[in-house]
Amino acid sequence: MRNREVAELLYEAADILEYQQVEWKPRAYRRAAQMIENLGEDIENIYAREGKAGLIKIPGVGKSIADHIAEYLETGKVEKFEKLKGKAPSGAAELMEIRGLGAKKMKKLADTLGIRTLSDLKNAIAAHRLRRLEGFGEKTEENLAKAIEQYEKSHSRIALGKALPIADEIIFTLKARCKDTTSKVDLSKIIYTGSLRRLKETIGDIDILAEAEKGEALKVMNCFVSLPDVDQVILKGSTKSSVILKEGTAIDLRVVPPESYGAALQYFTGSKEHNIELRNIAIKKGYKLSEYGLYIKESGKQIAGSSEEEIYKALGLAYIPPELRENRGEIKAAAKNALPKLIEQSDLRGDLHVHTNYSEGKDSLKTMIERAEALGYEYIAITDHSRSQKIARGLEIEKLKAQWKEIDKLSKCFRIKILKGSEVDILKDGTLDFPDEILKELDIVLGSIHSGFALPEKEMTERIVTALENRYLDILAHPSGRLLGKREPYAVNYERVFEAAAANGKLIEINSQPSRLDLNDELILRAKTFGIKFCISTDSHSAADLTFMRYGVGQARRGWLEKEDVVNTYPYTRLKEVLKKLKE
DNA sequence: GCCGTTTTCGGCCCGACTGTTTTCAGTCG
């Protein structure tokens with residue numbers, strides 16, 4: 001899958017063109033890059049099958065970009081882009097990340113002061129050389145210094161699992177403060193928007209929206225910027241404020257009047273690409289769409305704005321859930337009333353990947369079962385590590401059998417059904433870490449890779465395919481092996497893995513651990529086209545982890561999954577049938 | 001550079017905030 005690679009190439013070219021103040025081309029390149037990123041099909045396959053004609057069919061890709069992509073796929077580079085590279089400062093990509101520094105200012109800095117890297121910029125600021133430039137000033141210099149500091153502190157995105165609790169906490173506190181300050185604000189309308197509401201795996205900053213009449217807006221803003229966790233106030237106006245929390249997270253708050261609340265919620269939820277498409281539809285219908293509402297262009301009369309639903313309706317679209325708003329085809333589907341009916345967390349009847357203190361879990365078997373039953377689940381699978389996982393205290397066969405005995409005993413005390421399982425290592429040659437006579441006694445077998453991450457793509461693919469052909473394996477767990485922000489996914493040919501999973505009827509896990517979220521949304525979408533079924537599991541290492549399910553469900557929804565696609569929405573008897581059939 | 005049931009040429013999302021400006025450019029989302 002080289003889509004990401006091709007998209008990066010185009011994004012990079014767009015940045016340089018933007019730096020050169022070339023008009024419109026950067027936008028065209030970025031649009032093409034974005035479509036390629038979200039294609040759901042390997043661009044190499046398209047090119048191999050249909051040549052340039054196939055590439056031109058991709059929205060945003062015309063003859064010229066198709067030529068560039070073809071050249072890149074065949075030779076590994078694009079002559080024209082190679083020449084472009086020399087035209088911008090070497091540190092341009094990094095400098096563009098600094099808040100307040102765009103293409104124009106960067107060019108000015110390069111042309112007048114010869115600034116080409118972040119360290120050049122830092123030196124120039126320290127020597128107060130910026131404030132003398134035309135269009136710059138003392139304040140700009142100070143702000144850039146602060147922005148650099150902020151960039152160096154946390155320029156990476158925040159994991160969903162970290163951002164969501166922070167947002168919940170801030171909103172809780174903000175509501176309490178607002179309640180003490182004014183009675184005229186509807187507290188239930190204070191919610192998070194942005195990529196967080198879309199449940200994206202990582203978040204740049206947290207966006208919060210509130211509703212208030214004009215006279216009350218500033219009161220909400222004052223509550224917000226004076227929250228105890230706020231470190232810096234970046235900007236403060238009557239509709240928009242930005243702050244940075246002491247632990248480094250950036251938070252924006254927007255306040256809008258009731259007649260615009262839905263439009264603002266829609267707008268700030270994004271994604272940007274989804275919104276641009278929506279606005280284009282509005283224009284074609286003779287409307288104008290902004291964060292304040294949907295208006296008739298001629299008369300300026302508002303025809304929708306207080307709720308998201310009425311905006312989509314007025315544009316001739318079915319309501320699109322936030323998780324789908326990535327311009328991956330959801331707008332076309334909404335126009336045809338063909339959106340998926342997305343899975344809900346309440347559809348889940350059990351958790352199929354849970355550790356106990358038999359291996360690396362913190363809590364006892366009994367505690368995990370108790371908590372799962374308290375969550376209302378119908379079943380839970382106990383899946384401690386297999387014997388090769390020495391670090392995680394993987395179970396020897398004797399210990400596994402002892403666990404079975406305890407499960408049999410506990411089964412009599414609980415309503416919830418307990419499946420005897422194991423998270424079995426897929427060894428380097430693709431065999432599983434327990435012999436067949438043990439595997440066939442288990443109710444459920446997860447296969448996963450915990451060693452030999454650096455295998456070349458071909459061998460890693462063979463290893464996983466071999467495991468998928470093992471009749472005793474049920475589920476491929478955390479299939480890409482990535483740890484968000486820490487470890488890249490291992491090299492593997494997903495087309496082949498998905499083919500093998502589909503051919504053998506194997507299930508693919510969506511691991512809900514905030515540090516994993518594995519498979520990711522794009523690969524879920526891709527896997528679904530192979531007809532594969534999934535399970536959403538927490539990979540819990542303590543009873544508290546059982547609540548991680550919300551993150552996995554979010555990724556499943558982003559991958560367009562419906563209830564029927566996910567086997568742990570099935571009643572116990574149906575789940576057992578699925579698992580039994582796999583071993584026949 | 002791309003695109004088109006109002007266009008094959010002339011458009012390309014829209015508005016807020018800030019700073020350096022006396023009316024606007026740059027940046028951001």
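A, B, ... follow the sequence lines: proteins, then strands. Residue 1 opens every chain.
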For A:Glu273 and B:dC12, what is the distance between atoms CD and P respectively, to the nearest whole Å?
19 Å

Using the P atom as the point on both nucleotides, what is the distance between B:dC17 and B:dG10, in whole Å?
36 Å

Tell me the partner of B:dT8, counting only Watson-Crick (N1-N3 plus N6-O4 or O6-N4) or G-U wobble (N1-O2 and O6-N3) with both under 3.5 Å; none if nothing fits.
none

Any chance you could list the contact pattern along nucleotides 16-24 of chain B? Use B for base contacts, S for sugar-phosphate-only contacts and - for none, protein heavy atoms under 4.0 Å, 5' to 3'.
SSSSSS---

Going 5' to 3' through nucleotides 4-10 of chain B and flagging B where a protein heavy-atom sits under 4.0 Å of the base, S where only the sugar-phosphate is that close, and - otherwise, we get -------

Between C1' of B:dG1 and CD of A:Glu18, the distance in whole Å
14 Å

Heavy atoms under 4.0 Å, any strand shown: does A:Lys272 hit a base, just sugar-phosphate, or nothing?
base

In whole Å, what separates the C1' atom of B:dC3 from that of B:dT7?
10 Å

Any side-chain N or O of A:Lys25 under 4.0 Å from OP1/OP2 of B:dC12?
no

For the base of B:dC2 and the side-chain ring of A:Trp24, does the geometry meet a stacking cutoff of under 5.5 Å between centres and under 30° between planes?
no

Under the 6.0 Å and 45° cation-pi test, does A:Lys189 pair with A:Tyr261?
yes

In whole angstroms, the gap separating C1' of B:dC28 from CD1 of A:Ile98 amounts to 15 Å

